[in-house]
Amino acid sequence: MAASPAWAQQEELWLDTQSAAPVTGQTVLKPGWPYLVTIQGTFNVWGNTIVPGVKSLQPESAPMFPSPKGTSRNVGFDPEFVFAWSKGHALEKRPEPGAQRSGLIELSLDGGKAWKHPASTAAFNATEHAYGYEVTGASAALQVRIADKPVTDNTGRLKVVVVPAEELWLDTRSATAVPSKLVLQKGKPYRVTMQGTFNVWKNDIVAGAQSGQPEPAPMFPNPNIANRNVGLDPEFAFAGVKAPGTAPSRASLIELSLDGGKTWKHPASTAAFNATEHRYTYDVTGEEVPLQVRFADSQVSDNFGLVRIFVLPGA
């Protein structure tokens, strides 16, 4: 299976905070596919100029991206935080000063049935006011809205960029490394998600109390070969574990290289065994070369099963 073009289909949307109408992308987000949604900008939802309170940060003089209509005022919101408010506002009663999380910008991934502000642990970005959110496609286009009434006294637009993950396929029957098409920028965070099940033994796995229960076939089978039952996924051996070990037991057969193939290792993980999806996500840092993935097994001809890999910029 060939890799999908890396980041070739990114889409840009603009949300005007003066409009209650959701903004809808043109691209249908594939089910189960990871996407990075980056939202950037500043805005105001109050009709008056902000005169900062004691616990408020300083407002900025105008929106980063002005609304096409109306007169711009100073601003105190970005996609993730309210950072400036006037004297006497309820936020003055909060015990902690400074920027506070705000959920005014909402996303829908299911055609508008459900809306919510995406989860984030990002710190306040006082310079760029840009935040990344990792979402998963659900066979509908992304929709974005501002959850505010009324909107007529708002000012400022937000830039929304939707980036799909790059897809790679690792064949456990091949010793050849699989490279990404994208060069991972030096020092930048990325998320690598692996999913699948496979086997590395010639014979069917016999279930046991300690050795674990195999699954009847790979999640992603090799084409044109007879498949057997399986007992491994990207992070665990869940069947076929030999005594005195007990299944599930961590395994490290899938290795990454971030430096052009000079060094290889299985990425660190504290994730629990995922018996349902066999899917795990790893945080890595770019080194100005493509990511490479390989299967570290001395004899691959008796293996079977494919592993699906997604590479996405970190949120």
Side-chain angles (χ1 to χ4, degrees), residues 12-23 35-109 114-135 142-163 187-189 191 283 285 313-315:
E12 181 177 296
L13 309 174
W14 286 91
L15 176 68
D16 189 350
T17 63
Q18 291 184 342
S19 173
V23 176
Y35 293 80
L36 179 67
V37 178
T38 301
I39 309 178
Q40 181 180 29
T42 54
F43 59 97
N44 201 346
V45 298
W46 297 304
N48 301 318
T49 298
I50 299 170
V51 179
V54 174
K55 295 185 177 180
S56 167
L57 300 179
Q58 287 298 310
E60 297 186 2
S61 58
M64 181 177 287
F65 307 116
S67 295
K69 297 180 181 179
T71 303
S72 293
R73 301 183 306 281
N74 65 3
V75 292
F77 287 82
D78 68 19
E80 187 62 27
F81 289 90
V82 50
F83 58 89
W85 52 87
S86 289
K87 298 176 181 178
H89 193 275
L91 287 170
E92 286 289 281
K93 298 179 181 179
R94 294 179 65 93
E96 64 275 9
Q100 309 291 328
R101 292 203 182 269
S102 168
L104 287 176
I105 307 304
E106 297 182 336
L107 307 183
S108 176
L109 297 162
W115 291 87
K116 67 177 181 179
H117 182 75
S120 174
T121 58
F124 175 53
N125 185 339
T127 305
E128 297 178 325
H129 295 289
Y131 304 89
Y133 306 93
E134 186 176 338
V135 303
L142 176 72
Q143 292 184 280
V144 190
R145 74 179 183 185
I146 182 167
D148 182 40
K149 293 181 180 180
V151 296
T152 53
D153 58 351
N154 296 353
T155 183
R157 292 187 301 157
L158 297 177
K159 181 180 181 181
V160 183
V161 178
V162 186
V163 177
K188 297 289 186 181
R191 304 263 286 172
D283 294 312
T285 303

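Side-chain contact check for Val37 versus Val144: every heavy-atom pair is 4.5 Å or farther apart. With a 4.5 Å cut-off on side-chain heavy atoms, Val160 and Val23 do not count as touching.
A distance of 10.5 Å separates CG of Leu104 from CG of Asp78, quoted to the nearest 0.5 Å. A distance of 10.5 Å separates CD1 in Ile105 from CZ in Arg145, rounded to the nearest 0.5 Å. Within the model, atoms NE2 of His129 and CZ of Phe124 stand 5.0 Å from one another, a figure rounded to the nearest 0.5 Å. Considering CD1 of Ile50 and CD of Glu60, their distance stands at 10.0 Å, rounded to 0.5 Å. Taken to the nearest 0.5 Å, the CH2 atom of Trp85 stands 6.0 Å off from the CG atom of Leu57. Arg94 CZ to Gln100 CD: the interatomic distance, rounded to the nearest 0.5 Å, is 4.0 Å.
Under a 3.5 Å cut-off, the side chain of Asn74 and the backbone N or O of Pro59 do not form any donor-acceptor pair. The backbone N or O of Val54 lies less than 3.5 Å from a partner atom in the side chain of Glu92, making a donor-acceptor pair. Distance alone, capped at 3.5 Å, is enough to place a donor-acceptor pair between the Thr42 side chain and the Met64 backbone. No side-chain donor-acceptor contact under 3.5 Å links Ser72 to the backbone of Ala62. A donor-acceptor pair is defined here as one N or O able to donate and one able to accept, closer than 3.5 Å; such a pair exists between the side chain of Arg157 and the backbone of Pro66. Here the side chain of Tyr131 pairs no donor or acceptor atom with the backbone of Phe81 at under 3.5 angstrom.
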Given side-chain contact (heavy atoms from CB on, under 4.5 Å), test Leu109 with Leu142 step by step and report yes or no. CA-CA 5 Å; Leu109 297 162; Leu142 176 72; 3.7 Å; yes
Criterion side chain to side chain donor-acceptor pair (under 3.5 Å) on Ser67 and Asp16, from CA distance to verdict: CA-CA 6 Å; Ser67 295; Asp16 189 350; 2.9 Å; yes
Does the side-chain contact (heavy atoms from CB on, under 4.5 Å) test come out yes or no for Trp14 and Lys159, once each step is laid out? CA-CA 5 Å; Trp14 286 91; Lys159 181 180 181 181; 3.6 Å; yes
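Here the shortest heavy-atom pairing between Val151 and Gln18 reads CG2-O, 3.2 Å. Closest approach of Pro22 and Trp115 over heavy atoms only: CB-CH2, 3.7 Å. Pairing each heavy atom of Asn48 with each of Arg73, the nearest pair is O-NE, 3.8 Å. Taking both residues in full, the closest heavy atoms of Asn44 and Val75 are given as N-CG1, 3.9 Å, listed atom of the first, atom of the second, then distance. Residues Ser56 and Pro52 come closest through the heavy atom pair OG-CB, 3.8 Å. Here the shortest heavy-atom pairing between Thr38 and Ala130 reads CG2-CB, 4.5 Å.
Residues forming a ring-ring contact (aromatic ring centres under 6.0 Å, His included) with Phe77 (at least two apart in sequence, or on another chain): Phe43, Trp46. Residues passing the side chain to side chain donor-acceptor pair (under 3.5 Å) test with Glu128: none are found, sequence neighbours excluded.
Each of Glu80, Glu106, Arg101 was scored for a side chain to side chain donor-acceptor pair (under 3.5 Å) with His117, with one residue passing: Glu80. Each of Leu107, Val161, Leu15, Leu13 was evaluated against Ile39; a single residue qualifies, Leu107, per the side chain to side chain contact (heavy atoms under 4.5 Å, CB included) test.
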